[in-house]
Each structure stands twice: as structure tokens, then as C-alpha cells.
Amino acid sequence: MPGSRRRQRGVLLAGIALLLAALVLAVVLASVFMPGREASGGRPLRWQDRGTTRNLREIVLGRCYSYLAERHPALGRDTDCLKIWESLKYAFIYKNPCNTTAEDYQPLMELASHPIPCNKSLFWSKTNDLAHRYTKSSHGFLTLEDTLLGYMFDGVSWCGDPSVPGINYESCPKRSECESNPGSVFWKTASKRFAEAACGVVQVMLNGSIEAGAFRSSSIFGSIEVFNLNPDKVSEIQIWLMHDIGGPQSESCSGHSIQRLKRILEERNFTITCEDNYRPVQLLQCVRNPDHEDCRLCPSSMETS
Ligand SMILES: *[C@@H]1O[C@H](CO)[C@@H](O)[C@H](O)[C@H]1NC(C)=O
Ligand SMILES: *[C@@H]1O[C@H](CO)[C@@H](O)[C@H](O)[C@H]1NC(C)=O
Ligand SMILES: *[C@@H]1O[C@H](CO)[C@@H](O)[C@H](O)[C@H]1NC(C)=O
Ligand SMILES: *[C@@H]1O[C@H](CO)[C@@H](O)[C@H](O)[C@H]1NC(C)=O
């Protein structure tokens, strides 16, 4: 009797052990053959740039509604902010962030696009702050960041990740890690469209205090916008070359990099002009440097009168 009970207990223990072994095997097999499952518990991929902006959805939606309400009420009827957010989301979530394509953003670009009046496009390079102070004070001029698309995504970052929740809030790839990252591809695509849409007289604000030259072929302006302006639509390109008040005058309109830009544009049959320190813009710089001699109302006549 005791022997058979012991044998019974032995069989039971063996059974339990077998069951446990089968369970372990099943888990191992599942994790081998279902990488998606494994990823869902895993850590997001690690990159060197900052991660997706927290509350991205709320920021994008808020900016979208605010743009429609404050800047462009006429757009309100045809623009659906929720759809815009959804199309951004589908452009990147759960995707490897190094595999972004312009096509991913096509629906977003279509949904957020709106007409840009002729003579009002302002391109800029290395004059971010001044260019936007100018468009804020001169109604009607638009940089890319003053269009709905640029306004919604200026200064925020985003990227996807194969693991749950499909968005990487920890880190996103730098351009040096991969060229086709969500941010770079987005801004390239948006800049290309912004340049294609320009018509009439087009303005470009460049920085004459940059030692390496005001025009850089590697910039978004130099590598994308210049080559997507349409000579059939653009009648003239006006360069405003701005120097920092009291700062170095590294380059004037006759400088090397400006001459290079002129050659590129003239080869593409554009008419081009360049003005050093375009006065309406310089006056904005003077607001912060009212006592500097460049900012006197009548710079040369003051002494003689
Ligand atoms: C990127 O996309 C290509 C083509 O769709 C694919 O062959 C490749 O495996 C993808 N790479 C990554 C890292 O997902
Ligand atoms: C754009 O500017 C040009 C030249 O100053 C002018 O002839 C044209 O009428 C302007 N177009 C619009 C739409 O204002
Ligand atoms: C020119 O570039 C320098 C260095 O990036 C910057 O400090 C300065 O504000 C820029 N000037 C203008 C007019 O934007
Ligand atoms: C520029 O204009 C000339 C003369 O009208 C024409 O022959 C040439 O093909 C044009 N170049 C470009 C790049 O459009």
C-alpha cells in the first residue's frame, strides 16, 4: 500500500514536471517564431537624437486648430486636423525610423497643403530668428514654418519603433545615423513642395556674418529649395543678405558664395538680385540695437547736419 501510493505520487510529480517542461518549451518556441511578441515586451531601439516629443498628438492638434483659428480662418472649412494627425501617425508608427520615404508623408502633405500667394514666399538659411520676426511683423510673407505644415511640426520630433507602442519616446536617429529618418525626410519633402509652390517674386534671407559663406550647398535651401523653384512660375529671386548688427561682415553681395548661388540660379534661367542689409529687415535688427550707428535714422546725414 505505501509503495503504490509513493509510486502514484511519483507519477504525479513526473506529470507535473513534464507539463512544466512543455510550458517552458512552448514559451521558448513562441519567442523564437513570433518576433513581434518578443518585441512587444522589448526596449525601443536606441539612437543618438532626442526622442519623440511627449504629447505629440496634443501639440500637433493644438497647433493645427490654433493655426486655423488665428492665422488662416479661410482654411478651416477644408482642413481636418484629426485626419492630419492620423496621417502623420500612420506615416511613422511601428516603422523602423531609418526606412522613412517621401511617400510615407504624401497623404499628410496633401491634407495640410494650402495655396501660397505669389510674391510672398520667403526662404531663409541661418537666419531662423530674424526671418520669422520679419514674417510676423510683415503680414503676408510666409516661410515654410508659417505654412500650416511647417507650423505644426516646427521644433517637435517624432519617430517610430517596431515595439509597442510603436513610437519611440526615448530616442530618434540623427542624420549621421541614417539619412532617411522621419524628421529629415519630412523637412526635405515639405521644403521641396514649398519651393515648387513659389511664384512671382521670391525672397531669400541669408546670413552674411557666417564665416564659411552665406550660401551653403549642403543647406536645405542650397540642396533642395534652389533646385525645386520653378522658372516658369518665379519671375525674380531677391536675396537679402543680412549682417549681424555690430557683427562680422563675412560676405557681401559680391562675395564668393553669393556668386556661386547666382550662377546656379542663372543657369536655371532665373532673374536674380541681391541687396546687402535690406532696410525693412535691418530695422527689425535695430529694435534690439537701437544705439548702434548702423541703426541711426539717417546714417550719414547725422554728422553733417
Ligand atoms: C527598409 O525597407 C526595405 C524596402 O522596403 C527593406 O528591404 C528593408 O529590410 C527595410 N529595412 C529595415 C531596417 O526595416
Ligand atoms: C508680384 O510682383 C510683381 C513685381 O513687383 C508684380 O508685377 C505682380 O503684380 C505681383 N503679383 C501679385 C500677385 O501681387
Ligand atoms: C547669423 O549666424 C550666426 C551664427 O549662427 C547667428 O548667431 C546670427 O544670429 C545670425 N544672424 C542673423 C542675421 O540671422
Ligand atoms: C534657359 O533659356 C534658354 C533661352 O530661352 C533656353 O534655351 C534654355 O533651355 C533654358 N534653360 C533651362 C535650364 O531652362
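Note that ligands are numbered from 1 as they come in the structure, with each ligand's atoms numbered from 1 the same way.
- Taking the centre of each ring, F92 and Y105 stay at or above the 6.0 Å mark.
- Chaining together hydrophobic side chains whose heavy atoms lie under 4.5 Å apart places W47 alongside L45.
- Residue contacts with ligand 3, taken as heavy atom pairs separated by less than 4.0 Å, involve T127 via backbone and side-chain atoms alike.
- Tested against I245, the residues E293, Q282, R288 include a single side-chain contact (heavy atoms from CB on, under 4.5 Å) partner, Q282.
- In N128, neither the side chain nor the backbone holds a heavy atom less than 4.0 Å from any atom of ligand 3.
- Every atom of ligand 3 is numbered from 1 in the order shown, and the set under 4.0 Å from a heavy atom of Q285 is 13 (C).
- Heavy-atom proximity to E267, at under 4.0 Å, picks out these atoms of ligand 4: 13 (C).
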Under 3.5 Å, N/O to N/O: give me all the pairs between ligand 2 and the protein, one per line with atom names and distance.
residue: ligand 2; atom: 2 (O); partner: N119; partner atom: OD1; Å: 3.4
residue: ligand 2; atom: 2 (O); partner: N119; partner atom: ND2; Å: 2.3
residue: ligand 2; atom: 11 (N); partner: N119; partner atom: ND2; Å: 2.9
residue: ligand 2; atom: 14 (O); partner: N119; partner atom: ND2; Å: 3.3

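- Side-chain atoms of D294 and N277, non-hydrogen and from C-beta on, never get closer than 4.5 Å to each other.
- Looking at W124 and E225, their side chains never bring a donor and an acceptor atom within 3.5 Å of each other.
- For W158 and F153, the ring centers are positioned less than 6.0 Å apart.
- Annotation for ligand 3: atoms under 4.0 Å from non-hydrogen atoms of L130 are 13 (C).
- Taking the six-membered ring where tryptophan is involved, the planes of Y134 and W240 are perpendicular, since the angle between them exceeds 60° and thus also 30°.
- S125 and R216 share a side-chain donor-acceptor pair at under 3.5 Å.
- At a 4.0 Å heavy-atom cut-off, ligand 3 does not touch H243 at all.
- In this structure, V204 and Q238 have side chains that are not in contact, with every pair of non-hydrogen atoms separated by 4.5 Å or more.
- In the vicinity of I210, heavy-atom distances shorter than 4.0 Å reach the ligand 3 atoms 2 (O).
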